[in-house]
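Chain A is the first sequence line, chain B the second, and so forth, proteins listed ahead of strands; every chain is numbered from 1.
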Amino acid sequence: MPYDHAAIEARWQAYWDEHETFEAKVDRSKPKYYVLDMFPYPSGSGLHVGHPEGYTATDIIARYKRMKGFNVLHPMGWDSFGLPAERYAMKTGTHPAVRTDECIANFKRQLKMLGFSYDWSREIATTDPGYFKWTQWIFLQLWGAFYDREAGKARPIAELAIPTEVEAEGPAAVRAYRDARRLAYLHEAPVNWCPALRIVLANEEVAEQVEAGNEVIRVPMKQWMLRITEYAQRLIDDLEGLDWPNSVLEMQRHWIGRSEGAEVDFQVQGIEGEEGRLRVFTTRPDTLFGATYMVLAPEHPLVARLATDAQREAVQAYVEATARRTERDRQAASAEGEKTGVFTGAHAINPVNGEAVPIWIADYVLMGYGTGAIMAVPGHDTRDHAFATTMGIAIKQVVGPVGGGEVDVQAEAFTEQGVAVNSGLIDGLPTAEAKAKITAWLAEQGKGEARVNYKLRDWLFSRQRYWGEPFPLVHKPTPDGGSEVAPVPTADLPVGLPEVEDFNPSETGEPPLAKATAWVELPDGSRRETNTMPQWAGSCWYYLRFCDPRNADAPWSDEAQDYWMPVDLYIGGAEHAVLHLLYARFWHKVLFDLGHVGTREPFHKLVNQGMILGATYVPKQGQPKGEVKRIYVADDIETLGEGENVEYVHKQTREPLTIQWDKMSKSRGNVINPDDVIAEYGADTMRLYEMFMGPLEASAPWQPEGVNGCFRFLARAYRLFFEQGKDGAADAVREFAEGEGTEDQRRLLHRTISEVSERIERMSFNTAISSLMVFVRDVEKGGARLGKAAAETFSVLLAPFAPHLAEEFWRALGHESSLTYAPWPAADESLLVEDSWTLVIQIKGKKRGELQVPSSLDPKADREAITKLAMASDAVERFVGDAEPRRVIYVPGKLINVVP
RNA sequence: GCCCAGGUGGCGAAAUUGGUCAUACGCGGGGGACUUAAAAUCCCCUCUCUUCGGGGGUGCGGGUUCGAGUCCCGCCCUGGGCACCA
């Protein structure tokens with residue numbers, strides 16, 4: 001019988017389960033290693049081959065680290081709240097919990113088939129009440145805290161100092177004072193309402209729905225917000241020291257979007273004092289002298305007051321028109337260069353030169369950033385330039401190029417740094433100095449101050465959905481006829497989801513939970529909060545729960561958290577580069593401030609695995625315009641020719657096609673199902689191929705022929721250990737030679753140990769596998785019987801990649817138990833050294849010969865002897881002759897370069 | 001437009017800090033062995049030109065260096081992200 005992967009894999013999966021081989025326990029005598037996958041949303045369609053790429057990588061590391069003596073935590077769970085289950089419920093009436101359980105079961109079956117070494121006793125699901133009890137608990141920590149800017153950290157709200165004048169106004173005022181400072185707060189604001197889905201979308205979710213053809217409009221609604229903006233600076237600062245891909249670090253920094261500048265006060269003409277103070281934010285205070293107009297966002301509170309009678313109607317109309325458009329929509333149109341806006345009729349005084357500048361409103365200024373108002377400097381800002389040109393507003397030059405020279409700001413804005421001109425007290429100063437000087441001057445005059453702004457906005461945290469964590473809050477009537485928010489006591493958590501008949505929100509946006517009146521209305525007259533949390537909530541802290549997943553009294557114990565955290569290696573898709581990682585970091589920092597965790601950052605090393613691409617076939621001539629795009633899958637096509645002359649045509653139409661590689665998706669029909677691959681080749685082959693395709697971080701196409709190559713390698717290895725049984729008899733274990741076999745085998749073995757170890761450490765799995773392939777090939781080629789010790793070592797080296805087959809080998813060698821905790825071998829350095837080494841002889845940088853140098857000559861110490869040897873070589877004689885070389889470069893152990 | 005990553009054989013890809021031979025390993029292709037035959041397996045060849053001495057070649061054009069896939073400058077292309085953030 002040849003390599004019977006199905007039987008072998010079933011046997012070892014059962015063994016691991018039965019022996020609880022991968023269960024992790026806190027053990028302070030060993031160093032720990034926490035290796036985590038981004039847990040999946042268990043979708044109805046099951047795993048595709050893209051999922052196991054990252055999972056295989058973490059599994060290799062987990063298994064390698066165990067053999068290196070680490071106590072490894074390698075858990076898996078389910079990010080199981082989510083919209084698909086809810087939509088499925090709306091369509092079929094099946095409760096989301098039922099559907100979710102089915103999907104989880106399927107995912108788990110598939111993952112188990114791949115032989116991943118997860119500690120399944122730690123399995124968690126975010127939808128499990130035993131889990132979301134603590135999600136709710138963490139929310140209450142946020143609700144119960146404020147950010148102390150002076151201390152630079154969050155503190156319990158009870159410690160917030162209440163000003164005496166507030167105290168004097170009574171409990172309602174104190175409550176309001178506190179509520180306005182909590183890290184979780186209610187905020188009425190225009191939100192992105194999607195009528196088709198009947199849900200509110202976060203800004204970052206709008207694009208996706210608009211692309212899907214769903215309308216998104218703005219409506220005001222009361223929403224729970226989380227004060228992530230207070231952490232903006234720390235979220236930037238603490239990126240330092242993380243071992244993360246540069247691209248992710250950059251994306252996070254850009255998302256947070258720190259910018260330094262100044263706030264400047266303009267005084268509106270005709271409105272005295274504080275009320276008429278119009279504050280703007282600018283990163284270029286040095287261009288203040290070039291401000292020829294101002295712009296307010298249409299939502300700016302001062303807009304209504306500023307509009308003069310003559311302009312009131314136009315202003316009103318503009319404000320209403322923009323209110324209907326989503327922020328994204330506004331930005332998209334305007335970014336094309338279409339600038340719209342209306343003059344308010346009012347003017348304000350420029351504090352640096354006393355000039356009166358007109359005040360406009362325009363939607364290219366956003367209320368959510370800075371102060372919602374700008375000074376416009378068309379000479380030195382592209383957007384202002386476009387607007388001024390459209391509206392016929394004056395453009396003034398106040399910065400010139402450093403080396404002198406002319407620029408025409410009428411034609412195009414000069415946005416670079418330079419030297420201030422036409423700018424009074426800062427004339428002649430380079431931009432940086434001009435900024436500093438004018439900012440200092442403004443501060444002195446009480447007309448402005450230096451200021452740092454961030455693009456990051458507070459996090460819209462409530463959703464009008466059923467399938468999410470309920471907020472552990474109630475709205476309690478107060479004696480004055482109002483209501484106050486009160487937490488559900490920890491002892492009463494979790495707040496579970498009520499049974500409902502209908503999972504749809506109402507047309508007005510009332511969440512589905514609002515219809516469960518028996519659940520909403522409490523005996524004391526309080527009403528439960530009916531929003532639910534977004535899907536991000538559960539994934540913000542699951543890595544902490546994995547440390548102590550069955551704890552019923554706390555989200556985690558100090559002991560477990562202190563031992564396992566931080567996550568040493570975190571692998572997942574690049575699509576989570578910003579939001580998930582930012583939100584999780586934010587929660588972690590709040591928990592850190594409040595003393596619940598001991599680490600500032602949760603994830604030490606982060607790796608994004610690349611995408612696995614699937615094949616589709618499209619017309620070679622390109623898609624005809626105006627027609628529905630034609631995309632075909634492998635079943636539709638016929639392959640003609642071979643090698644470099646390969647051609648694809650459609651089976652029926654004979655249309656010439658060309659292959660195209662895309663992200664795998666159901667809609668494209670280019671998905672490969674792991675079940676099929678495993679059935680044909682086995683999990684070990686599948687794991688091996690996924691890693692052999694190329695570097696983990698790179699995207700690569702799934703090529704079925706490549707899978708076969710990996711299978712062939714395992715089958716070869718199998719034949720190294722087993723002899724085919726005659727006439728249907730079981731395969732017999734081969735006889736092995738003594739020890740590490742022949743001298744050649746020993747050397748080969750130790751080189752393989754050295755290479756595989758080093759390449760796993762570098763996570764260069766494709767090249768590590770190549771070393772293993774070379775080992776098998778060369779042992780075969782050598783023809784001698786493999787030494788038993790060498791066979792054992794090889795099994796260990798293979799185990800992280802193809803664990804089932806490795807276990808099979810291990811047992812064949814006479815071991816009773818699993819090789820999971822067998823020690824990782826160390827290479828004998830002395831065997832890596834050859835008898836002689838090759839010195840390359842170059843003449844003027846070109847290779848002209850080589851020389852075998854005996855190992856008795858040390859590359860470094862015997863420099864002179866080696867040089868002498870080289871100078872006497874044929875190559876030097878031929879190309880240099882007797883002439884004295886101008887230069888001789890000797891690279892120890894590598895080459896000698898003679899320049900005549 | 002801006003930011004990040006990347007461009008190496010017919011294909012997936014190798015090449016510690018600039019240092020031998022660019023193209024390991026695998027796929028595909030060609031030739032052969034075994035077989036009645038096929039599958040499986042095994043062996044050899046597989047960047048290119050060549051007058052067989054050697055020459056050229058890592059997206060393109062320059063540069064630094066004794067020596068560049070690797071470093072610098074300027075382009076081109078592909079993928080990902082951001083995109084009126086004042």
- Item | Any donor-acceptor N/O pair, A:His380 side chain to A:Val398 backbone, under 3.5 Å | yes
- From A:Phe775 CZ over to A:Leu786 CG, what is the distance, rounded to the nearest 0.5 angstrom? 5.0 Å
- Message: Going by the glycosidic torsion and a 90 degree boundary from 0, is the base of B:rG12 oriented syn or anti?
- Response: anti
- Does B:rC52 have a Watson-Crick or wobble mate here (both distances under 3.5 Å), and if so which one? none
- Message: Does any part of the side chain of A:Pro351, heavy atoms only, come nearer than 4.5 Å to the side chain of A:Phe266, both counted from C-beta?
- Response: yes
- Query: What integer distance in Å separates A:Gln252:CD from B:rC82:P?
  - Reply: 12 Å
- Item | Under 4.0 angstrom between A:Arg284 side-chain N/O and B:rA86 OP1 or OP2 | no
- Query: Taking for each residue the nucleotide of RNA chain B bearing the nearest heavy atom, is the 5' side occupied by A:Cys710 or by A:Thr371?
  - Reply: A:Cys710
- Interatomic distance, A:Asp778 CG vs B:rC25 P [rounded to whole Å]: 9 Å
- Message: Tell me whether the rings of A:His5 and A:Phe711 are parallel (<30°), tilted (30 to 60°) or perpendicular (>60°).
- Response: perpendicular
- Return the nearest nucleotide to the side chain of A:Gln703; candidates are B:rG12, B:rA86, B:rA15. B:rG12
- Message: Around atom CD of A:Glu780, are there more than 12 heavy atoms from other residues, nucleotides or ligands closer than 6.0 Å?
- Response: yes
- Is there a Watson-Crick or G-U wobble partner for B:rU41 with both distances under 3.5 Å, and if so, which one is it? B:rA33
- Atom-to-atom span, CG of A:Leu296 to P of B:rA86 - whole angstrom: 18 Å
- Task: Kindly say if A:Arg762 contacts the phosphate of B:rA15, meaning a side-chain N or O under 4.0 Å from OP1 or OP2.
- Result: yes
- Using a cut-off of strictly less than 4.0 Å, decide whether A:Tyr369 has a side-chain nitrogen or oxygen near OP1 or OP2 of B:rA86. yes
- Whole angstrom value for the distance that separates C1' of B:rC25 from CZ of A:Arg777: 8 Å
- Message: From C-beta outward on A:Ile374, which listed nucleotide comes closest to its side chain: B:rA86, B:rC25, B:rA13?
- Response: B:rA86
- Item | A:Asn766 side chain near B:rC25 phosphate (N/O to OP1/OP2, under 4.0 Å) | no
- So does A:Arg253 get a side-chain nitrogen or oxygen closer than 4.0 Å to the phosphate oxygens (OP1/OP2) of B:rC3? no
- Message: Rounding to an integer number of angstrom, what distance separates B:rU58 and B:rG7 when you compare their C1' atoms?
- Response: 10 Å
- Item | Nearest-angstrom distance from the residue atom CZ of A:Arg751 to C1' of B:rA24 | 11 Å
- The side chain of A:Ser259 lies closest to which of these nucleotides: B:rA86, B:rC43, B:rC82? B:rA86
- Item | Selected nucleotide, minimal atom distance to A:Glu780 side chain, candidates B:rC42, B:rA15, B:rA86 | B:rC42
- Nearest-Å distance once atom C1' is located in both B:rU70 and B:rG6: 14 Å
- Query: Is the distance between the ring centroids of A:Tyr454 and A:Tyr369 less than 6.0 Å?
  - Reply: no
- Paired to B:rG1 by Watson-Crick or G-U wobble criteria (both distances under 3.5 Å) is B:rC82
- Which nucleotide in the list B:rG12, B:rA15, B:rA86 gets nearest to the side chain of A:Asp381? B:rA86
- Query: Taking for each residue the nucleotide of RNA chain B bearing the nearest heavy atom, is the 5' side occupied by A:Phe692 or by A:Val248?
  - Reply: A:Val248
- Task: Answer yes or no: is there a side-chain heavy-atom contact under 4.5 Å between A:Ile361 and A:Val295?
- Result: no
- Message: Rounding to an integer number of angstrom, what distance separates B:rG56 and B:rA5 when you compare their P atoms?
- Response: 33 Å
- Note on the structure: Whole-Å distance, A:His580 NE2 to B:rG81 P, equals 18 Å
- Which is true for A:Ser770 with a 4.0 Å heavy-atom rule: it touches a base, it touches only sugar-phosphate, or it touches nothing? base
- Query: Whole-Å distance between B:rG26 P and A:Met686 CE?
  - Reply: 21 Å
- Message: When you measure from the side-chain N and O atoms of A:Arg712 to the phosphate of B:rC27, is any distance below 4.0 Å, counting only OP1 and OP2?
- Response: yes
- Query: Looking across every strand, which nucleic acid part, if any, lies under 4.0 Å from A:Pro695 by heavy atom: base, sugar-phosphate, or nothing?
  - Reply: sugar-phosphate
- Starting from the C-alpha separation in whole Å, work towards a yes-or-no answer on side chain to side chain contact (heavy atoms under 4.5 Å, CB included) for A:Arg687 and A:Phe765. CA-CA 11 Å; A:Arg687 293 168 55 113; A:Phe765 302 127; over 6 Å; no
- Message: Please give the distance between the P atoms of B:rG10 and B:rG59 as a whole number of Å.
- Response: 13 Å
- Message: I want to know whether A:Phe387 and A:Tyr293 have ring centres closer than 6.0 Å.
- Response: yes
- B:rG28 versus B:rA13 - spacing of their C1' atoms, nearest Å: 14 Å
- Message: Using atom P in both nucleotides, what's the gap between B:rC49 and B:rG1 to the nearest angstrom?
- Response: 40 Å
- Task: Check whether any side-chain nitrogen or oxygen of A:Ser699 sits under 4.0 Å from OP1 or OP2 of B:rG79, and answer yes or no.
- Result: no
- If you check every side-chain atom of A:Met773, which of B:rG12, B:rG26, B:rA86 has the closest atom? B:rG26
- Message: Nearest to the side chain of A:Thr767, heavy atoms from C-beta on, is which of B:rA14, B:rC43, B:rG28?
- Response: B:rA14
- Query: What's the base orientation of B:rG18: syn (chi within 90° of 0) or anti?
  - Reply: anti
- Query: So, is A:Asn246 close to the B:rA5 phosphate, meaning a side-chain N or O under 4.0 Å from OP1 or OP2?
  - Reply: yes
- Message: Expressed as a whole number of angstroms, how long is the span from A:Glu250:CD to B:rC4:C1'?
- Response: 7 Å
- Message: Please give the distance between the P atoms of B:rC76 and B:rG61 as a whole number of Å.
- Response: 15 Å
- Query: OP1 or OP2 of B:rC42 sitting under 4.0 Å from any side-chain N/O of A:Arg719?
  - Reply: yes
- Task: Quote, to the nearest angstrom, the C1' distance that separates B:rG19 from B:rG67.
- Result: 7 Å
- From B:rG81, B:rC11, B:rA24, nucleotide with atom closest to A:Met251 side chain: B:rG81
